[in-house]
Amino acid sequence: MISHFHRVSISMKGLAREDVQIRLAELADLHKCVAIDASFVTDHVWQMDGSETDWEVSTVFRKVRLPRAMNVSYPRDLSSLFDDWRLEECFVVAVDVDSVVGYLDMTVQKWNLTGWINHIVVHQDLRRKGIGTSLLRAAGIWARDNGLRKIMAETQTKNYPVISFYQKNAYRFCGFNDQHFTNQDIALFFVLNIR
């Protein structure tokens with residue numbers, strides 16, 4: 001087991017479009033990260049149904065199409081970005097010329113060698129262009145280089161675009177918490193095994 005996690009030089013060749021560079025975040029990038037609108041539009045949700053008896057607890061998630069598209073606010077407080085960056089673990093940004101157009105913040109639970117993606121955000125105008133996937137790949141490289149066993153990610157049941165995104169990138173559903181978010185949304189958890 002390694003005792004110290006370090007920043008690494010990540011080869012970003014082939015990770016994003018040629019005009020977008022993925023690199024480790026610098027202090028000056030943080031205010032640009034906070035300025036990116038993290039809200040999203042969805043036309044599907046994962047609806048949870050559950051039942052409980054003396055002998056069985058059952059939970060089922062169903063993909064449900066909404067009657068109309070819904071704009072949803074980002075559920076996380078961004079005030080922790082500076083604290084996460086100071087840990088010097090995995091905080092990467094996507095940069096187009098001098099503009100930060102996306103970021104991924106992953107911190108480490110050392111006791112089980114797990115990286116937790118706290119935030120992954122891409123500018124709304126640049127979504128579905130491979131930048132999020134490049135950020136995930138950079139986090140995977142960092143995780144492997146630092147001996148992590150897995151990466152965990154969370155999202156709301158309302159965030160169908162990110163649910164699909166994680167599944168497309170080989171993350172598998174592994175659980176939920178109906179008490180996780182302060183706004184009472186249900187959190188879904190996805191995992192990618194590294195080794």
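Worth knowing before you read on, the calculation uses all heavy atoms, side chains too, and leaves out hydrogens, waters and symmetry mates.
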Handout entry: Nonpolar side-chain network containing Val64, other nodes, edges under 4.5 Å
Key = Phe40, Val45, Leu66, Met70, Val72
Fill in the blank from the handout: side-chain contact (heavy atoms from CB on, under 4.5 Å) filter on Ala143, not counting sequence neighbours, yields Met106, Leu148, Ile151, Ile194
Exercise for the section: Under the side-chain contact (heavy atoms from CB on, under 4.5 Å) rule, collect the residues that match up with Val57, sequence neighbours excluded. Expected result: Glu52
Fill in the blank from the handout: The remaining residues in the hydrophobic cluster of Phe189, counting side-chain heavy-atom contacts under 4.5 Å among Ile, Leu, Val, Met, Phe, Trp and Tyr, are Trp116, Met152, Val191
Exercise for the section: Identify, with sequence neighbours excluded, every residue that meets side-chain hydrogen bond (donor to acceptor under 3.5 Å, both in side chains) alongside Thr107. Expected result: Asn118
Handout entry: Set of side-chain contact (heavy atoms from CB on, under 4.5 Å) partners for Val95, sequence neighbours left out
Key = Arg23, Val93, Val100
Exercise for the section: Check side-chain hydrogen bond (donor to acceptor under 3.5 Å, both in side chains) between Asp178 and all other residues, then give those that pass, not counting sequence neighbours. Expected result: none
Problem - Contacts of Ser51 that satisfy side-chain hydrogen bond (donor to acceptor under 3.5 Å, both in side chains) - sequence neighbours left out - result: none
Practice task
Could you list the residues that satisfy side-chain hydrogen bond (donor to acceptor under 3.5 Å, both in side chains) with Lys158, not counting sequence neighbours?
Solution key: Asp185
Practice task
Can you sort out the partners of Ser73 under side-chain contact (heavy atoms from CB on, under 4.5 Å), two or more places apart, ordered by chain and number?
Solution key: none
Practice task
Any pair with a residue in residues 144-164 that passes ring-ring contact (aromatic ring centres under 6.0 Å, His included), sequence neighbours left out, goes on the list, sorted by first then second residue, please.
Solution key: His44-Tyr160
Handout entry: Partner residues of His123 under the ring pair (Phe, Tyr, Trp, His ring centres under 6.0 Å) criterion, sequence neighbours left out
Key = none
